[in-house]
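Step one of this worksheet: look at the structure below.
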Amino acid sequence: MKILLLDIETAPNLVHVWGLWQQNVGLPQIIDSGYVLCWAAKWYGEEDVIFSGINKVKPRSMIQRIHKMLDEADAIVHYNGTKFDMPTLNKEFLMHGLTPPAPYKQIDLLRTARSQFRFPSNKLDYVSQQLGLGKKTKHIGHELWIQCMAKNAEAWEMMEEYNKNDVVLLEKVYDKLKPWIKGHANHGVYEDGLCCPNCASIKYQRRGYAMTATNKYQRFQCKDCGSWFRGVRTNTAGEPTKFVGIS
Ligand SMILES: [Zn+2]
């Protein structure tokens, strides 16, 4: 299974406002819609962090390149990407006249953080520091975005480092949270024999039974990532029945 870790950075909407507190912004007040400044992505298990930004290429080629990668990916790992990164990219695809990329599964680590734990903050920076996995690259705050929009080369260097580091952190957090992810795209469907649905490992042990309302299943625990799963017989289109693990 090809898993892509992804993070995008965007420019804010530019609007005219008459005050700072509790503003209702009408459509005529929108001067410019926000847009993607850059993205960083990494194929899980590979070394390179790929970066593309409008400082180096035209917006259309930047968007086409990530569209192509999404086409090749079976699953995307992101942090709040369900609500932010993916719809933002979809809007860009639509605006550039591109059709939807091939369907992919989404693994949103913010959703896992929110549903499985009670951290005082679910921000990637906080969670990764609590887990001892490092922190986000320090930057100059909102000014960095302003300077990048103004095409400041030094600011863009910082943005690239920041964006790439987010993806590196994302991968570390992904590895740590893996056994806690519910509904992870199932590796078993891509592999021949029984394996851990969350990490594809074939090192697992039988540990009791999983009971449902109507059935009793052999239950396993992955010795690599710690995921729990049960074995079920399934029918993959055009292939003989096989035994797969589901979490
Ligand atoms: Zn596993």
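Order of listing sets the numbers, starting from 1, for every ligand and every atom in it. None of the values given here were measured: they were computed from a predicted structure. The figures that follow rest on heavy atoms only: side chains count, while hydrogens, waters and symmetry mates do not.
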Does NZ or CZ of [X] fall inside the cone over [Y]'s six-membered ring, less than 6.0 Å from its centre and within 45° of the axis?
X      : Y      : answer
Lys151 : Trp156 : no
Lys172 : Tyr174 : no
Arg206 : Phe220 : no

Counting C-beta onward and ignoring hydrogens, is there a side-chain heavy-atom pair between Leu5 and Tyr44 closer than 4.5 Å?
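SC-SC contact between Leu5 and Tyr44 confirmed.
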Determine, using the 4.5 Å side-chain heavy-atom cutoff (strictly less than), whether Leu6 and Val168 are members of one ILVMFWY cluster.
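In one cluster with Leu6: Val168, no.
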Protein-derived N, O or S atoms lying under 2.8 Å from the Zn ion (ligand 1), waters excluded
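Near the Zn ion (ligand 1), the number of protein N, O or S atoms below 2.8 Å is 4.
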Can you give each donor-acceptor pair under 3.5 Å made by side-chain atoms of residues 24-39, sequence neighbours left out, with the distance rounded to 0.1 Å?
residue	atom	partner	partner atom	Å
Gln29	OE1	Gly26	N	2.8
Gln29	NE2	His16	O	2.8
Ser33	OG	Lys91	NZ	2.9
Trp39	NE1	Met62	O	3.0

